[in-house]
Amino acid sequence: MTDSRIDFRQAKFLISAPDIAHLNEHLPGDVGVEIAFAGRSNAGKSSALNQLTEQKSLARTSKTPGRTQLINVFALDEHRRLVDLPGYGFAQVPLALKKKWQQALGQYLQERECLSGLVVLMDIRHPLKDLDVQMIEWAVDSQIPVLALLTKCDKLAQSARMKMVNEVRKALADFGDAVKVEPFSSLKGTGKPKVLGILNEWCHPDWLVEALAEEDQE
């Protein structure tokens, strides 16, 4: 395993696409490593991405939940990408449009071969809703590691925060090492070092490390 660290501050917007067909048309193949961020429309995905990359407007944020309507891709380097998936849940949009978003989300998760890790963001005060659990179960069944990220942890006192983290860890204990659970605050940066450590590990799968090492030797 390499000791090199990914500088997430170097993330740059690459493309937005309404579905995986458009994504495949404009990306250089289903190769490399992608880490996807998924969550309910009020979980704070965009704010989390901005905090992790230390960029105020990398991902668009809005006071109205559910504004992420497209699959948004951000390049870390030529081999690694972050992907902001359409939010699910209580977005105040027409049902037909909501179904279209969900179809794009499902197609990406099922068809994207280079998906190497999934961050499922949940408001720490309202974790493990049905769709959250379904997302986690699907990823584990597909042998994709999961980070259950409990956002907005600054809304709770330290004792209440840890109580909720422990409850979620207990609820997901049957998944073993396939699912990690961490608290996070986009506002204060709480939990950021641990999250970046997990993402960095996902960015260095053995096959990619070996491939890059071979390139260096050529």
Side-chain angles (χ1 to χ4, degrees), residues 8 35-53 59 61-69 71-72 82-93 98 101-102 104-106 108-110 115-199 201-202:
F8 289 88
I35 297 173
F37 288 69
R40 298 176 68 82
S41 56
N42 60 351
K45 283 191 295 90
S46 297
S47 296
L49 278 164
N50 290 343
Q51 171 63 248
L52 291 170
T53 59
T61 60
S62 171
K63 292 182 180 179
T64 304
R67 290 302 189 189
T68 303
Q69 303 175 19
I71 300 172
N72 296 307
L82 302 179
V83 181
D84 186 10
L85 295 172
Y88 52 84
F90 292 112
Q92 299 299 312
V93 297
K98 189 180 297 186
W101 295 355
Q102 301 315 309
L105 174 69
Y108 173 87
L109 293 172
Q110 293 172 20
L115 177 59
S116 300
L118 179 66
V119 182
V120 178
L121 298 94
M122 300 174 281
D123 186 324
I124 193 169
R125 299 164 296 179
H126 313 287
L128 299 179
K129 300 295 186 182
D130 288 347
L131 288 173
D132 302 324
V133 175
Q134 289 174 22
M135 190 77 65
I136 293 169
E137 289 176 342
W138 172 86
V140 173
D141 288 344
S142 301
Q143 297 184 318
I144 296 170
V146 175
L147 171 59
L149 197 60
L150 303 182
T151 62
K152 307 182 184 181
C153 73
D154 54 281
K155 301 290 186 180
L156 298 179
Q158 177 69 16
S159 58
R161 177 190 310 170
M162 291 315 301
K163 180 176 183 291
M164 187 61 75
V165 170
N166 289 332
E167 287 180 0
V168 173
R169 284 175 176 163
K170 184 177 180 180
L172 299 176
D174 287 347
F175 295 122
D177 293 337
V179 181
K180 293 180 171 64
V181 180
E182 295 294 340
F184 185 77
S185 169
S186 297
L187 183 64
K188 298 185 177 180
T190 306
K192 183 175 177 178
K194 281 191 175 182
V195 174
L196 289 177
I198 293 168
L199 299 184
E201 181 180 336
W202 289 353

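Starting from 1, each residue takes its place in the sequence as its number. Small disclaimer: the values here were computed from a predicted structure and weren't measured.
- Side-chain contact between Ile71 and Pro86 is present, with at least one heavy-atom pair separated by less than 4.5 Å.
- No more than 12 heavy-atom neighbours from other residues, nucleotides or ligands sit within 6.0 angstrom of CG on Asp130.
- In this structure, the side chains of Leu147 and Ile35 stay at 4.5 Å or more apart for every pair of heavy atoms.
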Test log, rule salt bridge (charged side-chain N to carboxylate O under 4.0 Å, His left out), inputs Lys192 and Glu182: CA-CA 9 Å; Lys192 183 175 177 178; Glu182 295 294 340; over 6 Å; no
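- When all heavy atoms of Asp154 and Lys188 are compared, the pair lying nearest together is CB-CD, 4.1 Å.
- Summarising the geometry of Ala48 relative to Leu121, their closest heavy-atom pair is CB-CD2, 3.6 Å, with the distance given to 0.1 Å.
- Between the Thr151 side chain and the Met122 main chain, a donor and an acceptor come within less than 3.5 Å of each other.
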Steps toward side chain to side chain contact (heavy atoms under 4.5 Å, CB included) verdict (Leu82, Thr53): CA-CA 10 Å; Leu82 302 179; Thr53 59; 4.2 Å; yes
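- Val181 and Val165 get closest at one heavy-atom pair: CG1-O, 4.3 Å.
- Looking at Ser186 and Asn50, their side chains never come closer than 4.5 Å, going by heavy atoms from C-beta outward.
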Stepwise side chain to side chain contact (heavy atoms under 4.5 Å, CB included) check, Leu199 with Val119: CA-CA 9 Å; Leu199 299 184; Val119 182; 3.9 Å; yes
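- Between the CZ atom in Arg40 and the CG atom in Asp123 there is a gap of 10.0 Å [rounded to 0.5 Å].
- Between the CZ atom of Phe8 and the CG atom of Leu49 there is a distance of 10.5 Å, given to the nearest 0.5 Å.
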Audit row: Asn166, Arg169, side chain to side chain contact (heavy atoms under 4.5 Å, CB included) steps and yes/no: CA-CA 5 Å; Asn166 289 332; Arg169 284 175 176 163; 4.2 Å; yes
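- Distance CG/Leu150 to NZ/Lys155: 15.5 Å, rounded to 0.5 Å.
- The shortest non-hydrogen separation linking Asp132 to Pro127 is OD2-C, 4.4 Å.
- Two residues are said to be in side-chain contact when any heavy atoms from C-beta on lie closer than 4.5 Å; His126 and Asn42 fail this criterion.
- In terms of modelled atom types and a separation under 3.5 Å, the side chain of Lys45 and the main chain of Leu85 share a donor-acceptor contact.
- Inter-residue side-chain proximity for Val146 and Met135 is flagged as unmet; no heavy-atom pair is nearer than 4.5 Å.
- We find the OH-CG distance between Tyr108 and Leu115 to be 4.5 Å, quoted to the nearest 0.5 Å.
- With values rounded to the nearest 0.5 angstrom, Cys153 atom SG is found 11.0 Å from Arg125 atom CZ.
- The two residues Leu172 and Ile136 make their nearest non-hydrogen contact at CD1-CD1, 4.2 Å.
- Lys152 NZ to Ser47 OG: the interatomic distance, rounded to the nearest 0.5 Å, is 8.0 Å.
- When all heavy atoms of Ser116 and Ile144 are compared, the closest pair comes out as C-CG2, 4.2 Å.
- Phe184 has its side chain out of reach of Ile124: every pair of non-hydrogen atoms, C-beta onward, lies at least 4.5 Å apart.
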From CA spacing to verdict: side chain to side chain contact (heavy atoms under 4.5 Å, CB included), Val168, Leu128: CA-CA 8 Å; Val168 173; Leu128 299 179; 4.2 Å; yes
